[in-house]
Amino acid sequence: MLFVAAGTLAINAGFGLNRTLGSLFDITTESAIALPAVSGAKEGGPLYKRWVAPAGLPVKGTTGSQIIPNTVSGFTSRPAGIYLPPAALISDAPTLADVSHGD
């Protein structure tokens, strides 16, 4: 049994499959994070050209986890780790999916 455990850990370390023992055993310590509703992209050009940080913007973002629905594939996955930047934490947050850089 010791050799099986050592072999499993060695293979895991070699391929970097699970960075922690918690991820190896599907245990998460991240709390669930509420995701804001996605609205349509706003008009007016690329986000990086038109958005100005408001007063009171948080200094740091936040992390958490969320289960991504498997509506198409039916694949059951473990909760996804999510990072929300400071701009996503304000009311009337910009649509962060708008990554268009066309001029």
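Partners of Leu89 by side chain to side chain contact (heavy atoms under 4.5 Å, CB included), not counting sequence neighbours, listed by chain and number: Pro58, Thr62, Leu84. Annotation: side chain to side chain contact (heavy atoms under 4.5 Å, CB included) contacts of Ala6 (sequence neighbours excluded): none. Residues passing the side chain to side chain contact (heavy atoms under 4.5 Å, CB included) test with Ser73 are Asn70, Phe75, sequence neighbours excluded.
In this structure, Tyr83 places its OH atom where more than 12 heavy-atom neighbours from other residues, nucleotides or ligands lie under 6.0 Å away.
For the pair Ile90/Pro54, a side-chain contact is recorded, criterion being any heavy-atom separation below 4.5 Å from C-beta on.
Of all the heavy atoms in Ala87 and Ala93, the pair that sits closest is O-CB, 3.3 Å.
For the atom pair CD1 (Ile82) and CD1 (Ile68), the distance works out to 5.0 Å, reported to the nearest 0.5 Å.
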